[in-house]
Amino acid sequence: MTRQIVYSVALTVFVFTTILTIVSILTPHWVSYSVTADTGSTFTKYIGLHKSCSSVDDPSCRPFPNDDDCRDDQFFCSMWRSSGFLISFATIVELATLISFLVVMAGGKYKRETGWKLIGCFLLADAAVEFASMGIVAYLFDNDSQFAIPGWTLDWSWILCTVSASVSVLIAGSLAASAWLLPPEDDYECLEDPNDA
């Protein structure tokens, strides 16, 4: 039986994972490049799901991928945009999960006893979408020619997405484990029979 405290802790952790997902979308640090020239100056480039920033461009950030980026490599642009769409869709799934948490927690004992299944499904769906988005970026990082130059790395926005998805899976597992392992709340206690004494 999943108790109110278990849902409260799970909700708190899930809010944290949702924040990680939003930060990973908003920051252009999915893939980064940094090289220091012989003169001592450092060139950096950061690519996010929706914008790219460079230390030599003016303005320093621009939408990514734009038409110039896609002229020679439609596959890369399609996959990158798909990754951006998937992670944005994950935030919608996370919103639905947050609403499910609130409904289950406010719904009484019966909803807490059975609601972990719905919340667990939402959590696993969120993780699957995030892992797919993260996997597309990792695939492009490993296989696209623009990342073949040494110095490119998967950056901390990619890591935030990975942590967010992994924690969602752990929360789903924890809710399932608590439902199976914890005794029902407010159950009757067995009383000793005075005739057996």
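Both backbone and side-chain heavy atoms feed into the values below; hydrogens, waters and symmetry mates do not.
Side-chain atoms of Ser60 do not come within 3.5 Å of backbone N or O of Asp57 as any donor-acceptor pair. Side-chain N or O atoms of Ser83 include none that pairs as donor or acceptor with a backbone N or O of Met79 at under 3.5 Å. Judged purely by atom type and a 3.5 angstrom limit, Thr114 uses its side chain to pair as donor or acceptor with the backbone of Tyr110.
The shortest side-chain heavy-atom distance between Leu102 and Leu11 falls under the 4.5 Å cut-off. Contact of the Ser55 side chain with the Lys45 side chain is not registered, since no non-hydrogen atoms from C-beta on lie closer than 4.5 Å. For the pair Val35/Thr42, no side-chain contact is recorded, criterion being any heavy-atom separation below 4.5 Å from C-beta on. Side-chain atoms of Thr91 and Leu95, non-hydrogen and from C-beta on, never get closer than 4.5 Å to each other. Contact check for Tyr33 versus Thr44: no side-chain heavy atoms found under the 4.5 Å cut-off. Residues Trp116 and Val6 form no side-chain contact, since every pair of their non-hydrogen atoms from C-beta on lies 4.5 Å or further apart. No side-chain heavy atom of Ile136 sits under 4.5 Å from any side-chain heavy atom of Phe141. Side-chain contact between Val137 and Leu49: present, with at least one pair of heavy atoms (C-beta onward) separated by less than 4.5 Å.
Contact detail for Leu123 and Ala172: the closest heavy-atom pair is CD1-N, 3.7 Å. Taking both residues in full, the closest heavy atoms of Leu26 and Lys51 are given as O-CE, 4.1 Å, listed atom of the first, atom of the second, then distance. Contact between Ala132 and Leu86 at its shortest, heavy atoms only, is CB-CD1, 4.0 Å. When every heavy atom of Phe101 is checked against every heavy atom of Ile171, the shortest pair comes out as CZ-CG2, 4.4 Å. Nearest approach of Tyr7 to Met105, heavy atoms of both residues: CB-CG, 3.6 Å. Residue Ser24 comes nearest to Trp30 through the heavy atom pair O-NE1, 2.7 Å, listed as atom of the first residue, atom of the second, then distance.
Put simply, Leu20 and Val13 are part of the same group of oily side chains (I, L, V, M, F, W, Y) that touch within less than 4.5 Å, one to the next. Residues Leu181 and Leu170 are members of separate hydrophobic clusters, defined by side-chain heavy-atom contacts under 4.5 angstrom among Ile, Leu, Val, Met, Phe, Trp and Tyr. Tyr139 and Trp158 fall within a single hydrophobic cluster, where Ile, Leu, Val, Met, Phe, Trp and Tyr are joined by side-chain heavy atoms under 4.5 Å apart, directly or via other members. If you chain together hydrophobic residues whose side chains sit under 4.5 Å apart, Val163 and Phe14 fall into the same group. Under a hydrophobic clustering in which Ile, Leu, Val, Met, Phe, Trp and Tyr are joined whenever their side-chain heavy atoms come within less than 4.5 Å, directly or via other members, Phe16 and Ile5 fall into the same cluster.
A ring-centre distance under 6.0 Å is found for Trp80 and Phe64.
To the nearest 0.5 Å, atom OG of residue Ser164 and atom CD1 of residue Ile19 are 10.5 Å apart. Of the inter-residue distances, the one linking Cys161 atom SG with Ile25 atom CD1 reads 8.0 Å to the nearest 0.5 angstrom. To the nearest 0.5 Å, atom CD1 of residue Ile87 and atom CD of residue Glu94 are 7.5 Å apart. If you take CG on Leu154 and CE on Met134, they are separated by 9.5 Å, rounding to the nearest 0.5 Å. A distance of 9.5 Å separates CG of Leu160 from CG of Asp155, quoted to the nearest 0.5 Å. Interatomic distance, Arg71 CZ to Cys77 SG, rounded to the nearest 0.5 Å: 10.5 Å.
Salt-bridge check for Asp68 with Arg62: failed, with every basic side-chain N at 4.0 Å or more from each acidic carboxylate O.
Ring pair His29/Trp156 is parallel by interplanar angle, where below 30° counts as parallel and above 60° as perpendicular. Aromatic ring pairs are classed by plane angle as parallel below 30°, tilted from 30° to 60° and perpendicular above 60°; the pair Phe147 and Trp152 is perpendicular.
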Checking Phe76 against Cys70 for the side chain to side chain contact (heavy atoms under 4.5 Å, CB included) test, could you report, in this order, the C-alpha distance in whole Å, the side-chain angles of both residues, the deciding distance, and whether it holds?
CA-CA 7 Å; Phe76 172 82; Cys70 299; over 6 Å; no
Stepwise, does the side-chain hydrogen bond (donor to acceptor under 3.5 Å, both in side chains) test hold for Ser168 with Glu130?
CA-CA 10 Å; Ser168 291; Glu130 286 189 70; 4.5 Å; no
side-chain hydrogen bond (donor to acceptor under 3.5 Å, both in side chains) evaluation trace for Thr27 with Ser157:
CA-CA 7 Å; Thr27 55; Ser157 292; 2.6 Å; yes
Run Val31 and Tyr46 through side chain to side chain contact (heavy atoms under 4.5 Å, CB included) and show every step you take.
CA-CA 6 Å; Val31 182; Tyr46 302 102; over 6 Å; no
Passes side chain to side chain contact (heavy atoms under 4.5 Å, CB included), Val15 versus Leu98? Steps please.
CA-CA 8 Å; Val15 167; Leu98 289 170; 3.8 Å; yes
Could you walk me through whether Phe85 and Val129 pass side chain to side chain contact (heavy atoms under 4.5 Å, CB included), step by step?
CA-CA 10 Å; Phe85 168 78; Val129 172; over 6 Å; no
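Around the CG atom of Asp67, the shell of radius 6.0 Å holds no more than 12 heavy atoms that belong to other residues, nucleotides or ligands.
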